[in-house]
Amino acid sequence: QVQLVESGGGLVQAGGSLRLSCTASGGTFSNCVTGWFRQAPGKEREFIAAIRAGGAVTAYEDSVKDRFTISRDGAKRTVYLQMNRLKPEDTAVYSCAAETRPCTAGNDGRNPRKYDYWGQGTQVTVSS
């Protein structure tokens, strides 16, 4: 059974940085797209960024694309989300998700229903 485990969340002041990690364990799978989402209290889940197994970034949410960077290390089965110039409105639980083969053609990672596995999430709190 594949598990996704996020780490790296925490409390940071506005303007600071955090790097989140999403590591797959517990089994083998052929990954298509891995995405990051976030959900703040009282709000809907929001797409942040996604990356293909080959390393090509598929998309960023507009409000983060100049501040966040998604990347992956295949050998470590880990996808990262580097978050810079954090703002209080970035406060949320951040979760990663993985789509496995067969891959959905044209999937840019934005649709949460395309994913097969989800992590439990890691809290990011940005103080003003």
May I ask you to decide if the ring planes of F68 and Y94 are parallel, tilted or perpendicular, using 30° and 60° as cut-offs?
-> tilted
Can you tell me if CD on Q82 sees more than 12 non-hydrogen neighbours from other groups inside 6.0 Å?
-> yes
Using a strict cut-off of less than 4.0 Å between a Lys/Arg side-chain nitrogen and an Asp/Glu carboxylate oxygen, indicate whether R85 and D66 qualify as a salt bridge.
-> no
Passes side chain to side chain donor-acceptor pair (under 3.5 Å), T91 versus T125? Steps please.
-> CA-CA 5 Å; T91 296; T125 302; 5.2 Å; no
Could you state the interatomic distance from CD (Q13) to OG (S127), rounded to the nearest 0.5 Å?
-> 5.0 Å
Could you pull out the closest heavy-atom pair between S128 and P88, with the gap in Å?
-> CB-CG, 3.8 Å
State, to 0.1 Å, how close W36 and S21 come at their nearest heavy-atom pair, and which atoms those are.
-> CH2-O, 3.7 Å
Shortest non-hydrogen contact from A50 toward G109 | CB-CA, 3.9 Å
Please report the closest heavy-atom contact between C32 and R101, naming both atoms and the distance.
-> SG-N, 3.6 Å
Under 30°, 30 to 60°, or over 60°: which ring-plane class applies to F37 and F47, parallel, tilted or perpendicular?
-> perpendicular
Minimum heavy-atom distance A92-A40, with the two atoms named = CB-N, 3.8 Å
Going hydrophobic residue to hydrophobic residue with side-chain gaps under 4.5 angstrom, can you get from V57 over to I48?
-> yes
Distance (rounded to the nearest 0.5 Å) between R52 CZ and T34 OG1 | 11.0 Å
Common cluster, Y115/I51, ILVMFWY with side-chain heavy-atom separation under 4.5 Å | no
What is the minimum heavy-atom distance between W118 and S95, and which atoms define it?
-> CE3-CB, 4.3 Å
L81, L18: one ILVMFWY side-chain cluster at the under-4.5 Å cut-off?
-> yes
Just do the side chain to side chain contact (heavy atoms under 4.5 Å, CB included) check on E99 and N107 with the steps written out, would you?
-> CA-CA 9 Å; E99 180 202 21; N107 179 21; 3.1 Å; yes
Between OG on residue S17 and CZ on residue R67, distance to nearest 0.5 Å | 10.0 Å
CG on D90 to CD on E46, rounded to 0.5 Å = 9.0 Å
To the nearest 0.5 Å, what is the distance between CZ (R77) and SG (C22)?
-> 10.5 Å
Please check if L20 and L4 belong to a single hydrophobic cluster, counting links between Ile, Leu, Val, Met, Phe, Trp and Tyr side chain heavy atoms closer than 4.5 Å.
-> no
Same cluster (ILVMFWY, side-chain, under 4.5 Å), Y80 and L86 | no
Spacing of OG belonging to S63 relative to CD belonging to E89, to within rounding of 0.5 Å | 8.0 Å
Verify, without hydrogens or angle tests, whether D116 (side chain) and T100 (backbone) share a donor-acceptor contact under 3.5 angstrom.
-> yes
Pair V124-R38, side chain to side chain contact (heavy atoms under 4.5 Å, CB included): steps then yes or no | CA-CA 9 Å; V124 171; R38 68 185 180 188; over 6 Å; no
